[in-house]
Engineer: 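Sharing a structure with you now.
Every value quoted in this text rests on a predicted model; they were computed, and no experiment measured them. Atoms within a ligand are numbered from 1 in the order they appear, just like the ligands themselves. The basis for the numbers below is simple: all heavy atoms, side chains too, and nothing from hydrogens, waters or symmetry mates.
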Amino acid sequence: MQYTLEEIQNIYHLPLTTLIYRAQAVHHKFQDPSGVQLCTLKSIKTGACPEDCKYCPQSAHSEVGIEKEALLDTETILQDAVAAKKGGATRFCMGAAWRRVPHGEQFESLLNTVQSVSDLGMEVCCTLGSLEQEQANALKEAGCAVYNHNLDTSREFYSEIITTRTFDERLDNIRKVREAGMEVCSGGIIGMGESIDDRLKMLQELANLDPYPDSVPINALIACKGTPLESQKFVDSFEFVRVIATARILMPKTMVRLSAGRTEMNDELQALCYLAGANSIFLGDKLLTTANPDSSDDYRLLNKFGLTSLDPDQARAIHARSGEEASIFA
Ligand code: SAM
Ligand code: DTB
Ligand code: SF4
């Protein structure tokens with residue numbers, strides 16, 4: 001099913017009550033509504049990135065005085081993976097500030113790390129920039145189940161935010177990830193100065209991928225000092241909730257991840273995001289380089305809401321059973 005922009009606008013602009021009602025209907029039909037997937041992030045190669053993404057504190061083009069780090073070794077990363085597992089995370093996501101994944105010794109070390117984390121019994125996700133097909137295949141072979149590669153915004157707004165690569169290069173990389181047999185995690189950032197239609201066009205691109213991504217991270221821009229977007233105001237709460245609900249309706253079986261920006265959100269806004277169909281978060285006090293809520297606060301919140309950690313196998317079983325796509329216009 002290919003969505004037109006108009007169809008998506010019609011969903012997004014529904015009265016908030018109806019929008020949430022529809023998102024909830026889809027959520028209850030296609031997901032375990034009491035489950036929240038808990039993922040932990042680790043920056044395994046930080047800073048000095050040659051890309052000029054205007055939102056990113058790791059871009060070498062920004063004036064953020066970030067501490068650069070070479071690729072971390074397997075032992076160091078494993079310590080964090082073990083701690084993340086003990087802390088209750090089921091997925092460990094490793095991020096690197098690369099334009100392209102390197103070859104040689106660094107790639108060999110990376111494969112060793114992926115294999116070791118996978119051996120702990122955690123789902124491994126990587127987000128490392130552009131891949132060659134052989135590298136994608138090798139990552140999959142080593143135990144990387146998921147690859148995160150965001151579209152970040154609409155095709156039209158893309159060059160306002162990033163000039164060192166194109167939107168089509170991103171789509172091409174997503175194809176390679178699929179071809180290698182990894183799950184695709186792809187989403188974007190809200191609050192960079194883009195229009196509502198830019199947000200909906202991004203959702204349109206994601207929902208019209210065949211198949212659509214297995215997970216869709218929705219990040220609220222963290223306006224980092226020293227980046228060109230440092231003066232952006234935090235996104236409007238209800239616009240953000242509408243994006244989450246629209247993503248849930250368009251992609252019933254995807255994990256919609258409430259990603260960056262949660263430190264700026266109060267409990268009530270996070271509850272609204274769950275009501276709108278979000279069912280995954282990053283757990284742990286750090287994202288890649290910026291702060292995330294303490295996991296004790298997240299557990300307190302999940303307890304209050306009566307939500308529990310989502311077992312990945314159970315989620316797969318629900319997806320397998322949940323049959324035909326929901327009719328969103330019914
Ligand atoms: N370098 C790889 C890439 O760009 O695909 C992987 C790491 S990159 C940091 C992963 C994602 O983090 C970006 O696609 C973007 O969505 C998100 N991100 C980076 N900086 C952010 C910020 N300041 N606020 C919100 N999201 C951000
Ligand atoms: C995604 O969409 N959000 C995460 C993950 N994928 C890699 C990263 C958020 C990064 C926020 C800025 C930072 O901590 O550097
Ligand atoms: Fe580099 Fe990724 Fe940051 Fe862009 S978002 S500057 S590619 S680390």
Engineer: Hey, does Arg170 sit under 4.0 Å from ligand 1 if you only count heavy atoms?
Structural biologist: yes

Engineer: Just distances here: any N/O of Ala96 and N/O of ligand 1 closer than 3.5 Å?
Structural biologist: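 Between Ala96 and ligand 1, an N or O pair is found under 3.5 Å apart.
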
Engineer: Any atom of ligand 1 sitting under 4.0 Å from a heavy atom of Ala220?
Structural biologist: yes

Engineer: Which atoms from ligand 2 have a heavy atom of Thr289 less than 4.0 Å away?
Structural biologist: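 Result: 13 (C), 14 (O), 15 (O).
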
Engineer: For ligand 1, which part of Ile189 has a heavy atom less than 4.0 Å away: the side chain, the backbone, both, or neither?
Structural biologist: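 The side chain, only.
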
Engineer: Report the nearest protein non-hydrogen atom to atom 6 (N) of ligand 2: residue, atom name, distance rounded to 0.1 Å.
Structural biologist: Asn148 OD1, 3.3 Å

Engineer: Please identify which atoms of ligand 1 are closer than 4.0 Å to at least one heavy atom of Leu288.
Structural biologist: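 Those atoms are 9 (C).
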
Engineer: Would you say Thr127 has any N or O atom under 3.5 Å from an N or O of ligand 2, going by distance alone?
Structural biologist: no

Engineer: Just jot down the side chain to side chain donor-acceptor pair (under 3.5 Å) partners of Glu123, sequence neighbours excluded, or say none.
Structural biologist: Arg91, Arg316

Engineer: Considering both backbone and side-chain atoms of Asn150, is one of its nitrogen or oxygen atoms within less than 3.5 Å of a nitrogen or oxygen in ligand 2?
Structural biologist: yes

Engineer: Run the numbers for me: atoms of ligand 2, each under 4.0 Å from some heavy atom of Asn219, listed by number.
Structural biologist: 1 (C), 2 (O), 3 (N), 9 (C)

Engineer: Please list, in number order, the atoms of ligand 1 under 4.0 Å from a heavy atom of Leu221.
Structural biologist: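 Under 4.0 Å from Leu221, ligand 1 has these atoms: 24 (N), 25 (C).
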
Engineer: Verify the distance criterion only: is there a donor paired with an acceptor across the side chains of Asp52 and Ser59 at less than 3.5 Å?
Structural biologist: no

Engineer: What I want to know is whether Ile222 and ligand 1 share at least one N or O pair that is separated by under 3.5 angstrom.
Structural biologist: yes

Engineer: Just checking Phe234: does its CZ atom have more than 12 heavy atoms from other residues, nucleotides or ligands closer to it than 6.0 angstrom?
Structural biologist: yes

Engineer: What part of Thr290, side chain from CB on, backbone N/CA/C/O, both or neither, has a heavy atom under 4.0 Å from ligand 2?
Structural biologist: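 Both backbone and side chain.
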
Engineer: Do Phe282 and Ile218 land in one hydrophobic cluster if side-chain heavy atoms of ILVMFWY residues count as linked below 4.5 Å?
Structural biologist: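 No.
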
Engineer: Say you draw a straight line from CD1 of Ile249 to NE2 of His27; how long is it, rounded to the nearest 0.5 Å?
Structural biologist: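 Rounded to the nearest 0.5 Å, the CD1-NE2 separation comes to 12.0 Å.
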
Engineer: So with a 6.0 Å cut-off around CD of Glu63, is the heavy-atom count from everything else above 12?
Structural biologist: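 No, CD of Glu63 has 12 or fewer neighbouring heavy atoms, counting only those of other groups under 6.0 Å.
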
Engineer: Please step through salt bridge (charged side-chain N to carboxylate O under 4.0 Å, His left out) for the pair Arg300 and Asp267, ending with a clear verdict.
Structural biologist: CA-CA 10 Å; Arg300 179 188 50 77; Asp267 292 1; 3.6 Å; yes

Engineer: side-chain contact (heavy atoms from CB on, under 4.5 Å) between Leu110 and Gln106: does it pass, once the steps are laid out?
Structural biologist: CA-CA 6 Å; Leu110 188 66; Gln106 290 192 87; over 6 Å; no

Engineer: Taking CD in Glu141 as the centre, count heavy atoms belonging to other residues, nucleotides or ligands within less than 6.0 Å. Is the count above 12?
Structural biologist: no

Engineer: Sub-3.5 Å donor-acceptor pair from the side chain of Tyr55 to the main-chain atoms of Pro228, do we have one?
Structural biologist: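 Here the side-chain-to-backbone pair does not exist.
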
Engineer: If we count only non-hydrogen protein atoms and require a distance under 4.0 Å, does atom 20 (N) of ligand 1 qualify as touching the protein?
Structural biologist: yes

Engineer: Only heavy atoms of Ala260, strictly under 4.0 Å: list the atoms of ligand 1 that pass.
Structural biologist: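 In order of number, 25 (C), 26 (N).
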
Engineer: In terms of atom number and element, which parts of ligand 2 are under 4.0 angstrom from non-hydrogen atoms of Leu288?
Structural biologist: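 Those qualifying, in numeric order: 8 (C), 13 (C), 14 (O), 15 (O).
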
Engineer: Return the closest protein heavy atom for atom 5 (C) of ligand 2 as residue, atom name and distance.
Structural biologist: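 Protein heavy atom at minimum distance: Phe282 CZ, 3.8 Å.
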
Engineer: Considering only non-hydrogen protein atoms, determine which one is nearest to atom 7 (S) of ligand 3 and report residue, atom name and distance to 0.1 Å.
Structural biologist: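 Its nearest protein heavy-atom neighbour is Arg165 NH1, 3.3 Å.
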
Engineer: Hey, which of Asp214, Asp210, Asn173 is the one that makes side-chain hydrogen bond (donor to acceptor under 3.5 Å, both in side chains) with Arg178?
Structural biologist: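 It is Asp214, the one option of Asp214, Asp210, Asn173 that forms the side-chain hydrogen bond (donor to acceptor under 3.5 Å, both in side chains) with Arg178.
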
Engineer: May I ask whether atom 2 (Fe) of ligand 3 is less than 4.0 Å from at least one protein heavy atom?
Structural biologist: no

Engineer: For atom 22 (C) of ligand 1, which of the options Tyr147, Trp98, Tyr55 provides the nearest non-hydrogen atom?
Structural biologist: Tyr55

Engineer: Check whether Ile44 and Val114 end up in the same hydrophobic cluster, where Ile, Leu, Val, Met, Phe, Trp and Tyr are linked by side-chain heavy atoms less than 4.5 Å apart.
Structural biologist: yes

Engineer: Quick check: does Arg165 get an N/O under 3.5 Å from an N/O on ligand 1?
Structural biologist: no

Engineer: Give the atom numbers and elements of ligand 2 that come within less than 4.0 Å of a heavy atom of Pro217.
Structural biologist: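 In order of numbering, the contacting atoms are 2 (O).
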
Engineer: Please list, in chain and residue-number order, the protein N/O/S atoms closer than 2.8 Å to atom 1 (Fe) of ligand 3.
Structural biologist: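 Under 2.8 Å from atom 1 (Fe) of ligand 3 - ignoring waters, which are not counted - the protein N, O or S atoms are Cys49 SG.
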
Engineer: I'd like to know whether ligand 1 has Gly261 as a neighbour, heavy-atom separation below 4.0 Å.
Structural biologist: no

Engineer: Quick one: ring-ring contact (aromatic ring centres under 6.0 Å, His included) pairs with a partner in residues 76-96, sequence neighbours left out?
Structural biologist: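 The answer is none; no pair qualifies.
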
Engineer: Who's closest to atom 10 (C) of ligand 1 heavy-atom-wise, of Asn173, Asn148, Thr46?
Structural biologist: Asn148

Engineer: For residues 154-204, which residue pairs pass the ring-ring contact (aromatic ring centres under 6.0 Å, His included) check, not counting sequence neighbours?
Structural biologist: Tyr158-Phe167

